[in-house]
Undergrad: 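Could you have a look at this structure, given as structure tokens, before my questions?
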Amino acid sequence: MTPNYCISIDWLQVYGTRPLVTVAPELRGLTKFYQVKQRDVPTSLWLQVYDISWLGRDIATFYCCPRSSAMDMNGCTLKLSNRVCYSMECINILMELLQVLDIRYIGITRLDICYDCNRLYGDRSVSQFLMDYFSHEPFCEGHIVRKGSRRVQVYGSRSNLGVTRISGMRWGSPQSDIGAYCYNKSLELLEVKDKPWIRGRWADAGLLNVWSKEDFDNLSPKERDRYIEFGDTEEFVQIPVWRFEISIRGHAKDLLDVNTGELFRLNLDFLSTQDKIESLFYVYAAKVFDFRMSTGQTQIKNYPPLRMFGKSGEVSVKPVHLSLFADTGRTEKMVVNKIEQLRATYSDLDSATNMSLDAAVRFIRTIAGHKSAMIRLRSEANYLTNMRGHSFWKENDFVHLQFVEYVSKLKKN
């Protein structure tokens, strides 16, 4: 049985040229109306940097006016935001921006494609695969080697009990045109920045991401930093989503058609449909994720290929529309936690108050990026929570009135 997986674009940046004209503060395309704002601080390569947004969401970043005289004065680069890359509108938005910015497209400068899964083909554990690759006894059954560069960088932690956990691995040289990585993506979203559009993509593909994010977010900043520093954040992730990522830049954009022998360049047409995106991933994965595992052989040259990735006959689902979920913030979680705490305290809330609280929680969770199904389940669970209430909020009014009456009697006396 092929395990659930999803293949996505995580980074897309292109290079082109344009006339030396001022960038307008507003750009009107065929389908969208974009706002453009120039940054106050330039970069080490570009003198002018512009943030492009639509409906209050970051869409792309535009760089122009190179610092170096060795570069074309008309040269520029356009990088799509991460949320746009996870939508099938990705290429349409890119083409529209190239048109309204009057950019003559030359080529792709960086492309990251990723394969997300809970487990590898054959129900193989990803964490166990990484551990076997790094530390398994050589020249016996279960020994894993990689074809190509022998360089590897390992990211992990070791508990106070001596238990080793590998959270990520990078193969090959950092200067290579093709970067190959594997890491715990759930852990990264927990420690660095949550991206609801990625979790929505996982849910659509049937991937499980089970974590105790609310418990982690409720920690003080000092406590969170301590967990991250000591490598203990994995305690908050019960079922992670693992990511195998391929980063393509430079000469790696040259492809060879094995059927015709024709050498051609990677272009935007390869990213126009989900089917083509997945095919492109498997083309590069055959090179950078080429692992061999001993099934009893004692010579590496006899190790058979290790199948890593599932490939069903059907293309995995990719959302058509651009996600407008807001980035998840700590403030929203604190507000929701407080509302639920009050709901659990008072059991005599009338239906109108309950409906208002439901609406408030639903709104906050929606803008925080939670899926509608999860919102519905939480809403139903809140009725059970309300039944566990141990106090009456109107009891406060009763106590207050008693006190007023008591003071009134004292005054008369």
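Basis for what follows: all heavy atoms, side chains included, without hydrogens, waters or symmetry-related copies.
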Undergrad: Strictly by modelled atom types, are N218 and E214 linked by a side-chain donor-acceptor pair under 3.5 Å?
TA: no

Undergrad: In Å, rounded to the nearest 0.5 Å, how long is the span from CG of N74 to CD1 of I103?
TA: 11.5 Å

Undergrad: Would you call D10 and R243 a salt bridge, taking side-chain N to carboxylate O under 4.0 Å as the test?
TA: yes

Undergrad: Using every non-hydrogen atom in the two residues, find where Y105 and L98 come nearest and quote the distance to one decimal.
TA: CB-CD1, 4.0 Å

Undergrad: Output yes when E188 and K185 qualify as a salt bridge under the 4.0 Å nitrogen-oxygen rule, no when they do not.
TA: yes

Undergrad: My understanding is that only one of E26, E96, E89 makes a salt bridge (charged side-chain N to carboxylate O under 4.0 Å, His left out) with K32; could you say which?
TA: E89

Undergrad: Does CZ belonging to R67 count more than 12 external heavy atoms closer than 6.0 Å?
TA: yes

Undergrad: Quick check: do T61 and R39 have side-chain heavy atoms less than 4.5 Å from each other?
TA: yes

Undergrad: So with a 6.0 Å cut-off around CE of M71, is the heavy-atom count from everything else above 12?
TA: yes

Undergrad: Under a 3.5 Å cutoff, is there a donor and acceptor pairing between the side chains of Y183 and E245?
TA: yes

Undergrad: Under 4.5 Å between any side-chain heavy atoms of T31 and N92, yes or no?
TA: no

Undergrad: Could you check whether any side-chain N or O of T17 sits under 3.5 Å from a backbone N or O of G75, counting only pairs where one atom can act as donor and the other as acceptor?
TA: no

Undergrad: Could you check whether the rings of F244 and F129 sit parallel, tilted or perpendicular, using 30° and 60° as the cut-offs?
TA: tilted

Undergrad: What I'd like to find out is whether the side chain of L342 reaches to under 4.5 Å of the side chain of L357, using heavy atoms alone.
TA: no

Undergrad: State the OG1-CD distance between T43 and Q48, to the nearest 0.5 angstrom.
TA: 11.0 Å

Undergrad: Could you check if a side-chain atom of Y115 sits within less than 4.5 angstrom of a side-chain atom of Y282, using non-hydrogen atoms only?
TA: yes

Undergrad: Return the CG to SG distance between L208 and C117, rounded to the nearest 0.5 Å.
TA: 12.0 Å

Undergrad: Treating Q274 as the side-chain partner and I7 as the backbone partner, does any N or O pair qualify as donor plus acceptor under 3.5 Å?
TA: yes

Undergrad: List, one per line, each side-chain donor-acceptor pair under 3.5 Å for residues 142-153, sequence neighbours excluded.
TA:
residue, atom, partner, partner atom, Å
H143, ND1, F139, N, 3.2
H143, ND1, Y303, OH, 2.9
R146, NE, V288, O, 3.0
R146, NH1, S149, O, 3.1
R146, NH2, V288, O, 3.1
S149, OG, R151, N, 3.2
R150, NH1, R146, O, 2.7
R150, NH1, G148, O, 2.7
Q153, OE1, Y155, OH, 3.4

Undergrad: Main chain of S81, side chain of D58: is a donor-acceptor contact present, judged purely on distance under 3.5 Å?
TA: no

Undergrad: Assess the side chains of Y86 and R201: does a donor N or O sit below 3.5 Å from an acceptor N or O?
TA: no

Undergrad: Heavy atoms only: give me the nearest G231-R165 pair and the separation to one decimal.
TA: O-NH2, 3.2 Å

